[in-house]
Amino acid sequence: DGGITQSPKYLFRKEGQNVTLSCEQNLNHDAMYWYRQDPGQGLRLIYYSQIVNDFQKGDIAEGYSVSREKKESFPLTVTSAQKNPTAFYLCASSKASRAFFGQGTRLTVV
Amino acid sequence: QQQVKQSPQSLIVQKGGISIINCAYENTAFDYFPWYQQFPGKGPALLIAIRPDVSEKKEGRFTISFNKSAKQFSLHIMDSQPGDSATYFCAACTSGTYKYIFGTGTRLKVLA
């Protein structure tokens with residue numbers, strides 16, 4: 001079954017901890033993205049990657065880090081430097097301008 | 001110039017009515033305009049998309065109207081159903097840049 005898999009669906013983090021959100025795709029897409037969505041708001045771009053071993057900062061990259069060691073995988077680490085990390089995180093991949101999203105990870109700071 | 005402005009913020013429509021959501025952009029380099037549908041707690045799903053070489057695209061009850069000179073595009077949902085109740089996002093992209101600019105979303109509620 002082709003698609004984008006995000007895990008976990010729910011994640012709780014204590015203040016001061018780093019957490020890593022997983023994103024895997026088997027669509028053979030070159031480009032992958034991470035977006036943050038806050039309640040009642042649109043999607044804000046955190047990082048994106050066009051090819052393996054290369055990625056670019058989006059509009060709100062501060063406090064986040066990514067890696068792209070494999071075409072299929074684009075994990076996002078939310079570091080302790082991110083002051084307000086509670087949000088819904090969406091991973092996407094695209095080919096020929098068509099972007100597809102995973103089902104999201106809801107991160108809550110406790 | 002990178003913004004995509006979406007309106008209205010929320011919309012209530014009677015079952016069977018027409019839902020219309022509008023988006024406007026400034027960057028004339030944009031050449032791909034998708035619409036996404038998002039249900040609560042789920043990721044957005046690609047609904048329909050258009051390129052500026054056509055003025056209209058229809059898929060079932062969903063139609064995109066595109067006005068290149070006005071730099072506007074809109075989503076029309078015909079015969080709206082309660083199951084259409086969701087948040088809709090417009091977006092714009094320039095081919096090859098891999099960067100999508102999203103509107104702020106429209107929360108649609110269709111009354112039964």
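Everything quoted here is computed from the prediction, not taken from an experiment. Letters go in sequence order (proteins before strands), and every chain restarts at 1.
Interface check for chain A: of the options B:Arg107, B:Gln6, B:Gln9, B:Lys42, the most heavy-atom pairs under 4.5 Å are formed by B:Lys42. Chosen from B:Cys93, B:Ala91, B:Gly41, the residue pairing most often with chain A at heavy-atom distances under 4.5 Å is B:Gly41.
In this structure, chain A has no heavy atom under 4.5 Å from any part of B:Pro34. Only the side chain of B:Gln38 comes within less than 4.5 Å of a heavy atom in chain A; its backbone stays farther off. Only the side chain of B:Tyr32 comes within less than 4.5 Å of a heavy atom in chain A; its backbone stays farther off. Heavy-atom distances place both the backbone and the side chain of A:Gln103 under 4.5 Å from chain B. Contacts between A:Arg98 and chain B at a heavy-atom distance below 4.5 Å involve backbone atoms as well as side-chain atoms. Of the atoms belonging to A:Asp59, it is side-chain heavy atoms, and not backbone ones, that fall under 4.5 Å from chain B.
Put simply, the side chain of A:Gln37 does not reach to within 4.5 Å of the side chain of B:Thr87, judged on heavy atoms.
Residues B:Ile101 and B:Ile21 fall within the same hydrophobic cluster, defined by Ile, Leu, Val, Met, Phe, Trp and Tyr side chains chained together at heavy-atom separations under 4.5 Å. Each of A:Leu27 and A:Phe74 belongs to its own hydrophobic cluster when Ile, Leu, Val, Met, Phe, Trp and Tyr are linked at side-chain heavy-atom distances under 4.5 angstrom. There is no path of hydrophobic side-chain contacts, each under 4.5 Å, that joins A:Val110 to A:Val78. Cluster annotation: A:Tyr48 and A:Val52 are assigned to distinct hydrophobic clusters (Ile/Leu/Val/Met/Phe/Trp/Tyr, side-chain heavy-atom contacts under 4.5 Å, transitive).
Residues A:Ser94 and B:Tyr100 come closest through the heavy atom pair CB-OH, 3.5 Å. Across every non-hydrogen atom of A:Leu43 and B:Pro44, the tightest pair is CD2-CG, 4.2 Å.
Counting non-hydrogen atoms of neighbouring residues, nucleotides and ligands closer than 6.0 angstrom, the CD atom of A:Glu62 reaches no more than 12 such neighbours.
Between the side chain of B:Tyr36 and the backbone N or O of A:Phe101 there is no donor-acceptor pair closer than 3.5 Å.
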